[in-house]
Amino acid sequence: MDKYRHINEFSKNVIQGNAAIFLGAGLSVGAKYKDWKSLLKEPAESIGLNVEKEQYDLISLAEYIKNEKNRTYINEILLEEFHKPNINPTANHKLLASLPIDIYWTTNYDNLMEKALEDAKKPIAVKRKQSDLSIFTRDQEAVVYKMHGDISDPDNAILTRSDYEMYDTNRVLFKEALEGQVVTRTFFFIGFSFTDPNLERMLARIRHTLKESSRTHYCIMKNIDEDAKDYDYQVAKLQLQINDLKNYHVETVLIDDYDEITQILSEISNKTLMNSILISGSAIEYGDFSNSEANQFVSLLTQKLLENNFKIVNGFGLGIGHAVVNGALEYRDSLNLKGVGSRLDLRPFPFQNPEKFETYREEFISDVGIVISIFGNKKKDDSVIVAKGVKDEAKIAKEKGKVLFPIPLTGYAAREIYDEYCSADDSEIDYSELMGKNDKNIREIVDTIVTEANKLRK
(Lines give C-alpha, C1' and ligand atoms only; values in the text may rest on other atoms or scores of the structure.)
Protein backbone atom coordinates (compact mmCIF):
# COMPACT_ATOMS: atom_id res chain seq x y z
CA MET A 1 0.00 0.00 0.00
CA ASP A 2 2.89 2.38 0.75
CA LYS A 3 4.15 1.88 -2.81
CA TYR A 4 0.91 3.07 -4.38
CA ARG A 5 0.60 5.92 -1.90
CA HIS A 6 4.10 7.11 -2.76
CA ILE A 7 3.38 6.84 -6.50
CA ASN A 8 0.19 8.88 -6.06
CA GLU A 9 1.95 11.54 -4.01
CA PHE A 10 4.80 11.93 -6.50
CA SER A 11 2.32 12.04 -9.40
CA LYS A 12 0.56 14.95 -7.70
CA ASN A 13 3.86 16.80 -7.56
CA VAL A 14 4.45 16.14 -11.26
CA ILE A 15 1.02 17.59 -12.05
CA GLN A 16 1.70 20.61 -9.83
CA GLY A 17 4.96 21.25 -11.68
CA ASN A 18 7.35 20.93 -8.73
CA ALA A 19 8.79 17.45 -9.34
CA ALA A 20 12.38 16.59 -10.24
CA ILE A 21 14.25 13.40 -11.14
CA PHE A 22 17.62 12.17 -9.89
CA LEU A 23 19.15 9.38 -11.97
CA GLY A 24 21.85 7.00 -10.78
CA ALA A 25 23.94 4.44 -12.62
CA GLY A 26 21.32 1.73 -12.11
CA LEU A 27 19.14 3.20 -14.84
CA SER A 28 21.95 3.09 -17.42
CA VAL A 29 22.67 -0.57 -16.69
CA GLY A 30 19.38 -1.34 -18.44
CA ALA A 31 20.90 0.15 -21.62
CA LYS A 32 23.81 -2.35 -21.37
CA TYR A 33 26.31 0.03 -19.86
CA LYS A 34 28.40 -1.39 -17.03
CA ASP A 35 27.94 -0.05 -13.52
CA TRP A 36 30.94 1.42 -11.67
CA LYS A 37 31.64 -1.82 -9.86
CA SER A 38 31.84 -3.79 -13.12
CA LEU A 39 33.99 -1.13 -14.74
CA LEU A 40 36.54 -1.33 -11.94
CA LYS A 41 36.72 -5.14 -11.83
CA GLU A 42 39.71 -5.62 -14.15
CA PRO A 43 41.57 -2.46 -13.06
CA ALA A 44 41.22 -3.62 -9.44
CA GLU A 45 42.69 -7.01 -10.32
CA SER A 46 45.60 -5.26 -12.04
CA ILE A 47 46.63 -3.73 -8.68
CA GLY A 48 45.97 -6.90 -6.71
CA LEU A 49 42.50 -6.13 -5.30
CA ASN A 50 39.14 -7.86 -5.55
CA VAL A 51 36.27 -5.55 -6.49
CA GLU A 52 33.79 -7.74 -4.56
CA LYS A 53 35.71 -7.12 -1.36
CA GLU A 54 36.00 -3.40 -2.09
CA GLN A 55 32.46 -2.82 -3.41
CA TYR A 56 31.39 -0.74 -0.41
CA ASP A 57 34.14 1.81 -1.02
CA LEU A 58 34.52 2.09 -4.79
CA ILE A 59 35.55 5.73 -4.45
CA SER A 60 38.72 4.72 -2.58
CA LEU A 61 39.26 1.84 -5.00
CA ALA A 62 39.24 4.31 -7.91
CA GLU A 63 41.75 6.44 -5.99
CA TYR A 64 44.08 3.45 -5.52
CA ILE A 65 43.89 2.61 -9.23
CA LYS A 66 44.67 6.21 -10.17
CA ASN A 67 47.62 6.25 -7.75
CA GLU A 68 49.09 2.97 -9.04
CA LYS A 69 48.37 3.72 -12.71
CA ASN A 70 47.38 7.29 -13.61
CA ARG A 71 44.29 9.37 -14.37
CA THR A 72 44.57 8.73 -18.10
CA TYR A 73 44.24 5.00 -17.45
CA ILE A 74 40.85 5.52 -15.78
CA ASN A 75 39.76 8.04 -18.41
CA GLU A 76 40.39 5.50 -21.15
CA ILE A 77 38.22 2.96 -19.34
CA LEU A 78 35.39 5.49 -19.28
CA LEU A 79 35.83 6.50 -22.91
CA GLU A 80 35.84 2.89 -24.08
CA GLU A 81 32.67 2.10 -22.14
CA PHE A 82 30.59 5.20 -22.79
CA HIS A 83 31.48 5.58 -26.45
CA LYS A 84 30.02 2.21 -27.34
CA PRO A 85 27.97 2.41 -30.56
CA ASN A 86 24.23 1.73 -30.78
CA ILE A 87 23.42 2.32 -27.11
CA ASN A 88 19.97 3.92 -26.94
CA PRO A 89 17.75 5.25 -24.15
CA THR A 90 15.76 2.58 -22.34
CA ALA A 91 11.98 2.48 -21.95
CA ASN A 92 12.52 4.05 -18.52
CA HIS A 93 14.45 6.99 -19.99
CA LYS A 94 11.68 7.49 -22.55
CA LEU A 95 8.97 7.43 -19.89
CA LEU A 96 10.86 9.97 -17.80
CA ALA A 97 11.31 12.19 -20.86
CA SER A 98 7.57 12.05 -21.58
CA LEU A 99 6.66 13.44 -18.16
CA PRO A 100 6.01 17.18 -17.71
CA ILE A 101 9.17 17.50 -15.61
CA ASP A 102 11.77 20.19 -16.28
CA ILE A 103 14.57 19.25 -13.86
CA TYR A 104 16.78 16.15 -14.20
CA TRP A 105 19.89 15.54 -12.10
CA THR A 106 22.27 12.66 -12.66
CA THR A 107 25.60 11.30 -11.49
CA ASN A 108 25.90 9.38 -14.78
CA TYR A 109 28.50 10.23 -17.42
CA ASP A 110 26.42 8.97 -20.37
CA ASN A 111 23.97 11.06 -22.38
CA LEU A 112 20.99 8.68 -22.40
CA MET A 113 18.66 11.10 -20.59
CA GLU A 114 19.59 13.90 -22.95
CA LYS A 115 18.91 11.68 -25.98
CA ALA A 116 15.54 10.63 -24.58
CA LEU A 117 14.48 14.24 -24.03
CA GLU A 118 15.62 15.21 -27.52
CA ASP A 119 13.71 12.25 -28.99
CA ALA A 120 10.65 13.56 -27.13
CA LYS A 121 11.19 16.84 -29.03
CA LYS A 122 11.92 18.82 -25.89
CA PRO A 123 14.49 21.62 -26.18
CA ILE A 124 16.95 21.10 -23.35
CA ALA A 125 19.92 22.70 -21.65
CA VAL A 126 22.73 20.48 -20.34
CA LYS A 127 24.86 21.66 -17.42
CA ARG A 128 28.12 19.70 -17.55
CA LYS A 129 30.50 22.14 -15.84
CA GLN A 130 30.20 25.10 -13.48
CA SER A 131 30.37 27.74 -16.23
CA ASP A 132 27.30 26.14 -17.86
CA LEU A 133 25.20 27.12 -14.84
CA SER A 134 25.39 30.80 -15.76
CA ILE A 135 24.08 30.24 -19.29
CA PHE A 136 20.38 30.70 -20.00
CA THR A 137 18.97 28.73 -22.93
CA ARG A 138 15.93 30.30 -24.58
CA ASP A 139 12.77 28.16 -24.82
CA GLN A 140 14.28 25.29 -22.84
CA GLU A 141 11.71 22.77 -21.57
CA ALA A 142 14.10 20.80 -19.40
CA VAL A 143 17.52 21.09 -17.79
CA VAL A 144 19.86 18.14 -17.26
CA TYR A 145 22.43 18.67 -14.51
CA LYS A 146 25.48 16.39 -14.80
CA MET A 147 26.50 16.45 -11.14
CA HIS A 148 29.61 14.33 -11.70
CA GLY A 149 30.52 15.60 -15.13
CA ASP A 150 30.21 14.10 -18.58
CA ILE A 151 31.99 11.60 -20.80
CA SER A 152 32.88 14.48 -23.14
CA ASP A 153 35.33 15.71 -20.46
CA PRO A 154 36.63 12.65 -18.55
CA ASP A 155 39.51 14.60 -16.97
CA ASN A 156 37.00 16.57 -14.91
CA ALA A 157 34.57 13.77 -14.14
CA ILE A 158 34.09 12.96 -10.45
CA LEU A 159 35.62 9.51 -10.01
CA THR A 160 38.15 9.22 -7.23
CA ARG A 161 38.36 10.13 -3.56
CA SER A 162 40.46 13.17 -4.49
CA ASP A 163 37.72 14.35 -6.84
CA TYR A 164 35.17 14.11 -4.05
CA GLU A 165 37.47 15.93 -1.66
CA MET A 166 37.77 18.81 -4.10
CA TYR A 167 34.06 18.89 -5.02
CA ASP A 168 33.26 21.86 -2.78
CA THR A 169 35.96 23.81 -4.61
CA ASN A 170 35.69 22.62 -8.20
CA ARG A 171 31.91 22.09 -8.47
CA VAL A 172 30.46 23.93 -5.49
CA LEU A 173 27.86 25.69 -7.67
CA PHE A 174 26.35 22.32 -8.56
CA LYS A 175 26.04 21.50 -4.88
CA GLU A 176 24.39 24.82 -4.12
CA ALA A 177 22.00 24.53 -7.08
CA LEU A 178 20.98 21.03 -6.02
CA GLU A 179 20.52 22.10 -2.39
CA GLY A 180 18.17 24.86 -3.47
CA GLN A 181 16.11 22.53 -5.65
CA VAL A 182 15.88 19.79 -3.03
CA VAL A 183 14.37 22.42 -0.72
CA THR A 184 11.72 23.50 -3.26
CA ARG A 185 11.16 20.39 -5.40
CA THR A 186 10.04 16.83 -4.73
CA PHE A 187 12.72 14.47 -6.04
CA PHE A 188 12.38 10.89 -7.23
CA PHE A 189 15.72 9.03 -6.97
CA ILE A 190 15.95 6.19 -9.50
CA GLY A 191 18.88 3.80 -9.93
CA PHE A 192 20.70 5.52 -7.08
CA SER A 193 22.35 3.75 -4.15
CA PHE A 194 22.74 6.74 -1.76
CA THR A 195 26.45 6.10 -1.30
CA ASP A 196 27.47 9.48 -2.72
CA PRO A 197 29.09 11.41 0.15
CA ASN A 198 28.28 14.83 -1.35
CA LEU A 199 24.58 14.08 -1.57
CA GLU A 200 24.56 12.59 1.94
CA ARG A 201 26.11 15.75 3.42
CA MET A 202 23.68 17.94 1.52
CA LEU A 203 20.61 16.04 2.73
CA ALA A 204 21.92 16.14 6.27
CA ARG A 205 22.45 19.91 6.12
CA ILE A 206 18.91 20.46 4.80
CA ARG A 207 17.47 18.17 7.47
CA HIS A 208 19.20 20.02 10.27
CA THR A 209 18.24 23.42 8.84
CA LEU A 210 14.60 22.83 7.91
CA LYS A 211 13.87 20.01 10.35
CA GLU A 212 10.24 18.89 9.86
CA SER A 213 9.67 21.55 7.20
CA SER A 214 11.74 19.55 4.70
CA ARG A 215 9.96 18.25 1.60
CA THR A 216 9.34 14.53 1.26
CA HIS A 217 11.29 12.81 -1.52
CA TYR A 218 11.07 9.28 -2.91
CA CYS A 219 13.46 6.58 -4.05
CA ILE A 220 13.27 3.08 -5.51
CA MET A 221 15.12 0.20 -3.85
CA LYS A 222 15.08 -3.52 -4.60
CA ASN A 223 14.10 -6.14 -2.06
CA ILE A 224 16.66 -8.80 -1.14
CA ASP A 225 16.39 -11.95 -3.25
CA GLU A 226 15.23 -14.94 -1.24
CA ASP A 227 18.23 -17.01 -2.37
CA ALA A 228 20.73 -14.28 -1.44
CA LYS A 229 23.67 -15.14 0.78
CA ASP A 230 23.09 -14.04 4.38
CA TYR A 231 19.45 -13.32 3.49
CA ASP A 232 18.28 -12.43 7.01
CA TYR A 233 21.26 -10.16 7.55
CA GLN A 234 20.75 -8.40 4.21
CA VAL A 235 17.03 -7.89 4.91
CA ALA A 236 17.77 -6.39 8.31
CA LYS A 237 20.39 -4.08 6.79
CA LEU A 238 18.00 -2.96 4.04
CA GLN A 239 15.32 -2.12 6.59
CA LEU A 240 17.82 -0.10 8.60
CA GLN A 241 18.79 1.82 5.47
CA ILE A 242 15.12 2.51 4.67
CA ASN A 243 14.56 3.77 8.20
CA ASP A 244 17.67 5.93 7.97
CA LEU A 245 16.50 7.49 4.69
CA LYS A 246 13.26 8.50 6.43
CA ASN A 247 15.38 10.65 8.73
CA TYR A 248 16.34 12.59 5.58
CA HIS A 249 12.67 12.73 4.48
CA VAL A 250 13.23 10.17 1.72
CA GLU A 251 10.50 7.52 1.44
CA THR A 252 11.32 4.20 -0.20
CA VAL A 253 9.34 2.42 -2.92
CA LEU A 254 10.33 -1.25 -2.63
CA ILE A 255 10.36 -3.49 -5.70
CA ASP A 256 11.02 -7.21 -6.16
CA ASP A 257 12.32 -6.93 -9.72
CA TYR A 258 13.94 -4.12 -11.69
CA ASP A 259 11.25 -4.52 -14.37
CA GLU A 260 8.87 -2.94 -11.86
CA ILE A 261 10.59 0.41 -12.42
CA THR A 262 8.98 0.56 -15.87
CA GLN A 263 5.60 -0.28 -14.34
CA ILE A 264 5.99 2.45 -11.72
CA LEU A 265 7.01 5.07 -14.27
CA SER A 266 4.16 4.00 -16.56
CA GLU A 267 1.71 4.45 -13.70
CA ILE A 268 3.11 7.89 -12.90
CA SER A 269 2.87 8.78 -16.59
CA ASN A 270 -0.73 7.59 -16.82
CA LYS A 271 -1.76 9.46 -13.67
CA THR A 272 -0.08 12.60 -14.95
CA LEU A 273 -1.65 12.35 -18.41
CA MET A 274 -5.11 11.94 -16.86
CA ASN A 275 -4.77 15.56 -15.82
CA SER A 276 -4.66 16.61 -19.49
CA ILE A 277 -7.76 16.62 -21.70
CA LEU A 278 -8.07 17.00 -25.45
CA ILE A 279 -11.27 18.76 -26.47
CA SER A 280 -11.73 17.25 -29.92
CA GLY A 281 -14.36 18.68 -32.22
CA SER A 282 -15.38 20.87 -35.12
CA ALA A 283 -18.72 22.22 -36.21
CA ILE A 284 -20.38 24.13 -39.02
CA GLU A 285 -23.69 23.60 -37.26
CA TYR A 286 -24.70 22.42 -33.79
CA GLY A 287 -27.73 20.15 -34.21
CA ASP A 288 -30.04 20.37 -31.19
CA PHE A 289 -28.01 23.27 -29.82
CA SER A 290 -28.42 26.82 -31.03
CA ASN A 291 -25.23 28.68 -31.93
CA SER A 292 -25.30 30.60 -28.64
CA GLU A 293 -26.00 27.41 -26.62
CA ALA A 294 -23.13 25.57 -28.30
CA ASN A 295 -20.67 28.39 -27.70
CA GLN A 296 -21.81 28.72 -24.11
CA PHE A 297 -21.42 24.95 -23.63
CA VAL A 298 -17.87 24.77 -25.03
CA SER A 299 -16.79 27.94 -23.27
CA LEU A 300 -18.21 26.89 -19.89
CA LEU A 301 -16.77 23.37 -20.24
CA THR A 302 -13.29 24.81 -20.84
CA GLN A 303 -13.63 27.23 -17.94
CA LYS A 304 -14.79 24.55 -15.47
CA LEU A 305 -12.10 22.08 -16.51
CA LEU A 306 -9.46 24.76 -15.94
CA GLU A 307 -11.01 25.58 -12.56
CA ASN A 308 -10.59 21.91 -11.66
CA ASN A 309 -6.88 22.11 -12.53
CA PHE A 310 -7.05 20.19 -15.79
CA LYS A 311 -4.81 21.11 -18.68
CA ILE A 312 -6.69 21.63 -21.97
CA VAL A 313 -5.34 20.69 -25.40
CA ASN A 314 -7.29 21.79 -28.46
CA GLY A 315 -6.68 21.71 -32.21
CA PHE A 316 -8.63 24.93 -32.76
CA GLY A 317 -11.25 23.21 -34.91
CA LEU A 318 -13.79 25.23 -36.84
CA GLY A 319 -16.67 26.37 -34.65
CA ILE A 320 -15.00 25.04 -31.47
CA GLY A 321 -11.57 26.65 -31.08
CA HIS A 322 -12.79 30.20 -30.46
CA ALA A 323 -15.24 28.97 -27.79
CA VAL A 324 -12.38 27.12 -26.06
CA VAL A 325 -10.33 30.33 -26.02
CA ASN A 326 -13.31 32.30 -24.69
CA GLY A 327 -13.68 29.80 -21.83
CA ALA A 328 -9.98 30.13 -21.00
CA LEU A 329 -10.35 33.93 -20.98
CA GLU A 330 -13.35 33.67 -18.64
CA TYR A 331 -11.23 31.54 -16.31
CA ARG A 332 -8.38 34.04 -16.52
CA ASP A 333 -10.62 37.02 -15.81
CA SER A 334 -12.31 35.27 -12.87
CA LEU A 335 -8.93 35.03 -11.14
CA ASN A 336 -7.63 38.40 -12.37
CA LEU A 337 -4.73 36.75 -14.20
CA LYS A 338 -2.81 37.86 -17.26
CA GLY A 339 -3.06 34.42 -18.80
CA VAL A 340 -3.51 30.72 -18.07
CA GLY A 341 0.14 29.76 -18.51
CA SER A 342 0.70 26.28 -19.89
CA ARG A 343 -2.78 25.11 -18.89
CA LEU A 344 -4.19 25.84 -22.38
CA ASP A 345 -2.28 24.20 -25.23
CA LEU A 346 -3.62 25.22 -28.65
CA ARG A 347 -2.45 23.09 -31.60
CA PRO A 348 -3.87 24.64 -34.82
CA PHE A 349 -3.59 22.24 -37.74
CA PRO A 350 -1.01 22.90 -40.50
CA PHE A 351 -3.64 23.15 -43.24
CA GLN A 352 -1.00 23.85 -45.88
CA ASN A 353 0.39 20.36 -45.21
CA PRO A 354 -2.57 17.96 -44.80
CA GLU A 355 -0.24 15.00 -45.24
CA LYS A 356 1.09 15.80 -41.77
CA PHE A 357 -2.31 15.64 -40.08
CA GLU A 358 -1.99 12.05 -38.84
CA THR A 359 1.49 12.60 -37.37
CA TYR A 360 0.28 15.84 -35.84
CA ARG A 361 -2.68 14.10 -34.22
CA GLU A 362 -0.43 11.32 -32.93
CA GLU A 363 1.74 13.90 -31.19
CA PHE A 364 -0.88 15.87 -29.32
CA ILE A 365 -2.98 12.82 -28.43
CA SER A 366 0.14 11.30 -26.84
CA ASP A 367 0.21 14.27 -24.46
CA VAL A 368 -3.24 13.69 -22.93
CA GLY A 369 -5.04 11.00 -20.95
CA ILE A 370 -8.66 11.86 -21.80
CA VAL A 371 -10.27 12.79 -25.13
CA ILE A 372 -13.60 14.61 -24.95
CA SER A 373 -15.27 14.51 -28.38
CA ILE A 374 -17.96 17.10 -29.11
CA PHE A 375 -20.06 17.72 -32.23
CA GLY A 376 -17.77 16.83 -35.15
CA ASN A 377 -19.17 17.90 -38.50
CA LYS A 378 -18.04 19.87 -41.50
CA LYS A 379 -19.40 21.14 -44.79
CA LYS A 380 -18.80 19.26 -48.03
CA ASP A 381 -20.26 20.87 -51.14
CA ASP A 382 -23.74 21.87 -49.96
CA SER A 383 -24.08 19.15 -47.32
CA VAL A 384 -23.11 18.84 -43.66
CA ILE A 385 -21.26 15.58 -43.00
CA VAL A 386 -19.59 13.90 -40.04
CA ALA A 387 -16.00 15.17 -39.58
CA LYS A 388 -13.68 12.26 -40.28
CA GLY A 389 -10.84 14.02 -38.42
CA VAL A 390 -12.73 13.94 -35.12
CA LYS A 391 -13.36 10.22 -35.56
CA ASP A 392 -9.71 9.68 -36.50
CA GLU A 393 -8.64 11.35 -33.27
CA ALA A 394 -10.88 8.99 -31.27
CA LYS A 395 -9.45 5.97 -33.11
CA ILE A 396 -5.85 7.05 -32.46
CA ALA A 397 -6.70 7.74 -28.82
CA LYS A 398 -8.26 4.30 -28.43
CA GLU A 399 -5.18 2.64 -29.92
CA LYS A 400 -2.97 4.57 -27.52
CA GLY A 401 -5.01 3.50 -24.50
CA LYS A 402 -6.51 6.91 -23.79
CA VAL A 403 -9.93 7.29 -22.17
CA LEU A 404 -12.58 8.22 -24.74
CA PHE A 405 -15.26 10.55 -23.43
CA PRO A 406 -17.54 11.50 -26.34
CA ILE A 407 -20.57 13.64 -25.51
CA PRO A 408 -23.35 11.91 -27.51
CA LEU A 409 -25.95 14.62 -27.01
CA THR A 410 -23.84 16.91 -29.24
CA GLY A 411 -24.46 14.53 -32.14
CA TYR A 412 -22.49 13.93 -35.35
CA ALA A 413 -19.01 12.38 -34.88
CA ALA A 414 -19.37 12.49 -31.09
CA ARG A 415 -22.50 10.35 -31.26
CA GLU A 416 -20.89 7.85 -33.64
CA ILE A 417 -17.81 7.59 -31.40
CA TYR A 418 -20.05 6.91 -28.42
CA ASP A 419 -21.98 4.21 -30.31
CA GLU A 420 -18.77 2.53 -31.48
CA TYR A 421 -16.66 2.65 -28.33
CA CYS A 422 -18.60 3.68 -25.24
CA SER A 423 -22.16 2.37 -25.32
CA ALA A 424 -21.30 -0.95 -23.66
CA ASP A 425 -21.96 -1.55 -19.98
CA ASP A 426 -18.21 -1.67 -19.22
CA SER A 427 -17.61 1.96 -20.24
CA GLU A 428 -15.37 3.90 -17.85
CA ILE A 429 -17.85 6.79 -18.03
CA ASP A 430 -21.23 6.87 -16.31
CA TYR A 431 -23.44 8.17 -19.12
CA SER A 432 -26.72 7.89 -17.25
CA GLU A 433 -26.77 11.64 -16.59
CA LEU A 434 -25.72 12.63 -20.11
CA MET A 435 -28.06 10.77 -22.44
CA GLY A 436 -30.74 13.48 -22.64
CA LYS A 437 -30.80 17.25 -22.88
CA ASN A 438 -34.44 18.17 -22.56
CA ASP A 439 -34.54 18.32 -18.77
CA LYS A 440 -31.02 19.73 -18.25
CA ASN A 441 -29.45 23.11 -18.69
CA ILE A 442 -25.97 23.64 -20.06
CA ARG A 443 -24.45 24.25 -16.64
CA GLU A 444 -25.79 20.88 -15.41
CA ILE A 445 -24.38 19.13 -18.47
CA VAL A 446 -20.96 20.72 -17.92
CA ASP A 447 -20.99 19.91 -14.20
CA THR A 448 -21.75 16.25 -15.01
CA ILE A 449 -18.87 16.07 -17.51
CA VAL A 450 -16.43 17.65 -15.06
CA THR A 451 -17.57 15.29 -12.29
CA GLU A 452 -16.90 12.26 -14.50
CA ALA A 453 -13.51 13.67 -15.57
CA ASN A 454 -12.53 14.12 -11.94
CA LYS A 455 -13.46 10.48 -11.22
CA LEU A 456 -11.16 9.33 -14.05
CA ARG A 457 -8.04 10.88 -12.59
CA LYS A 458 -8.45 9.60 -9.03
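By the neighbour-count criterion of 12 heavy atoms within 6.0 Å, atom CD of Glu428 is sparsely surrounded, having that number or fewer from other residues, nucleotides or ligands. Atom OH of Tyr258 has 12 or fewer heavy atoms from other residues, nucleotides or ligands within 6.0 Å.
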Evaluate the side-chain contact (heavy atoms from CB on, under 4.5 Å) criterion for residues Lys34 and Val29: first the C-alpha distance (whole Å), next the side-chain angles of each, then the deciding distance (0.1 Å), finally the verdict.
-> CA-CA 6 Å; Lys34 292 179 181 178; Val29 171; over 6 Å; no

From CA spacing to verdict: side-chain contact (heavy atoms from CB on, under 4.5 Å), Val144, Leu117 = CA-CA 9 Å; Val144 180; Leu117 288 163; 3.5 Å; yes

Salt bridge (Lys or Arg N to Asp or Glu O under 4.0 Å) between Lys304 and Glu307, intermediate numbers included = CA-CA 5 Å; Lys304 292 300 180 182; Glu307 286 178 2; 3.3 Å; yes

Show your working on salt bridge (Lys or Arg N to Asp or Glu O under 4.0 Å) between Lys84 and Asp110 and close with a plain yes or no.
-> CA-CA 10 Å; Lys84 286 179 179 177; Asp110 61 68; over 6 Å; no

Check the pair Tyr167, Met147 against side-chain contact (heavy atoms from CB on, under 4.5 Å), reporting the backbone distance first and the verdict last.
-> CA-CA 10 Å; Tyr167 196 91; Met147 184 176 177; 3.1 Å; yes

ring-ring contact (aromatic ring centres under 6.0 Å, His included) evaluation trace for Phe82 with Tyr33 = CA-CA 7 Å; Phe82 292 107; Tyr33 281 130; 4.9 Å; yes

Could you walk me through whether His93 and Tyr104 pass the ring-ring contact (aromatic ring centres under 6.0 Å, His included) test, one step at a time?
-> CA-CA 11 Å; His93 288 96; Tyr104 298 82; 10.0 Å; no

Step-by-step side-chain contact (heavy atoms from CB on, under 4.5 Å) determination, Ile268 to Asn270 = CA-CA 5 Å; Ile268 292 171; Asn270 290 337; over 6 Å; no

What's the verdict on salt bridge (Lys or Arg N to Asp or Glu O under 4.0 Å) for Lys175 and Asp168, showing C-alpha distance, side-chain angles and the deciding distance?
-> CA-CA 8 Å; Lys175 185 188 72 172; Asp168 286 357; 3.4 Å; yes

Before giving the answer on side chain to side chain donor-acceptor pair (under 3.5 Å), spell out for Asp430 and Ser432 the whole-Å C-alpha distance, their side-chain angles and the decisive distance to 0.1 Å.
-> CA-CA 6 Å; Asp430 180 2; Ser432 61; 2.7 Å; yes

For salt bridge (Lys or Arg N to Asp or Glu O under 4.0 Å), just list the numbers for Asp392 and Lys388, CA-CA rounded to whole Å, side-chain angles, deciding distance to a tenth of an Å, and then say yes or no.
-> CA-CA 6 Å; Asp392 287 345; Lys388 180 178 179 294; 2.8 Å; yes

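With a 4.5 Å cut-off on side-chain heavy atoms, Leu278 and Ile370 do not count as touching. Side-chain contact between Val368 and Ile277 is absent, with no heavy-atom pair separated by less than 4.5 Å. No side-chain heavy atom of Val183 sits less than 4.5 Å from a side-chain heavy atom of Glu179. At a threshold of 4.5 Å between non-hydrogen side-chain atoms, the residues Phe187 and Leu178 count as touching. At a threshold of 4.5 Å between non-hydrogen side-chain atoms, the residues Ser131 and Leu133 do not count as touching. At a threshold of 4.5 Å between non-hydrogen side-chain atoms, the residues Glu452 and Glu433 do not count as touching. Within the 4.5 Å cutoff, side-chain heavy atoms of Ile372 are placed close to those of Leu305. Looking only at side-chain heavy atoms (C-beta outward), Gln140 and Ile124 stay at 4.5 Å or farther from each other.
Judged purely by atom type and a 3.5 angstrom limit, Ser282 has no side-chain atom pairing as donor or acceptor with the backbone of Gly317. Using a distance-only test at 3.5 Å, with no hydrogens or angles considered, no donor-acceptor pair links the side chain of Glu416 to the main chain of Lys391. Looking only at distances, no side-chain donor or acceptor of Ser373 sits under 3.5 Å from a matching main-chain atom of Ser280. A donor-acceptor pair is defined here as one N or O able to donate and one able to accept, closer than 3.5 Å; no such pair exists between the side chain of Ser269 and the backbone of Leu265. Between the side chain of Asp257 and the main chain of Asp259, a donor-acceptor pair closer than 3.5 Å is present. For Asp2 (side chain) and Val253 (main-chain N/O), no donor-acceptor pair under 3.5 Å exists by modelled atom type. The backbone N or O of Asn108 lies less than 3.5 Å from a partner atom in the side chain of Thr106, making a donor-acceptor pair. Not one N or O on the side chain of Asn353 forms a donor-acceptor pair closer than 3.5 Å with the backbone of Glu355. A donor-acceptor pair under 3.5 Å is formed between the side chain of His217 and the backbone N or O of Val182.
With hydrogens and angles left out, the side-chain atoms of Asn275 and Arg457 include a donor and acceptor closer than 3.5 Å. Looking at Arg185 and Asn13, their side chains never bring a donor and an acceptor atom within 3.5 Å of each other. Defined by atom type and a distance below 3.5 Å, a donor-acceptor pair is present between the side-chain atoms of Asp150 and Ser152. Remark: the Glu267 side chain and the Gln263 side chain contain no N/O donor-acceptor pair separated by less than 3.5 Å. Side-chain N/O atoms of Lys400 and Ser366 include a donor and acceptor closer than 3.5 Å. In this structure, a donor-acceptor pair under 3.5 Å is absent between the side chains of Asn295 and Asn326. Using modelled atom types, one finds no donor on one side chain facing an acceptor on the other under 3.5 Å when comparing Asn314 with Asp345. A donor-acceptor contact closer than 3.5 angstrom is absent between the side chains of Glu81 and Tyr109. There is no side-chain donor-acceptor pair under 3.5 Å between Asn156 and Lys129.
For Thr262, the side chain to side chain donor-acceptor pair (under 3.5 Å) criterion is met by Asn92, not counting sequence neighbours.
Cation-pi geometry between Arg415 and Tyr418 is not satisfied (NZ or CZ under 6.0 Å from the ring centre, within 45° of the ring normal).
Taking the six-membered ring where the residue is Trp, the centroids of Phe349 and Phe357 are separated by under 6.0 Å. In this structure, Phe316 has its ring center under 6.0 Å from that of His322. Separation of the Tyr412 and Phe375 ring centroids does not fall under the 6.0 Å cut-off. Outside the 6.0 Å centre-distance limit, the rings of Tyr248 and Phe194 are not counted as a close aromatic pair.
In this pair, His6 and Tyr218 present their aromatic rings tilted. The plane angle is within the 30 to 60° band.
Annotation for Asp367 and Ser276: closest pair O-CB, 3.6 Å, computed over non-hydrogen atoms.
The one candidate from Lys398, Lys402, Arg361, Arg347 that meets the salt bridge (Lys or Arg N to Asp or Glu O under 4.0 Å) condition with Glu393 is Arg361.
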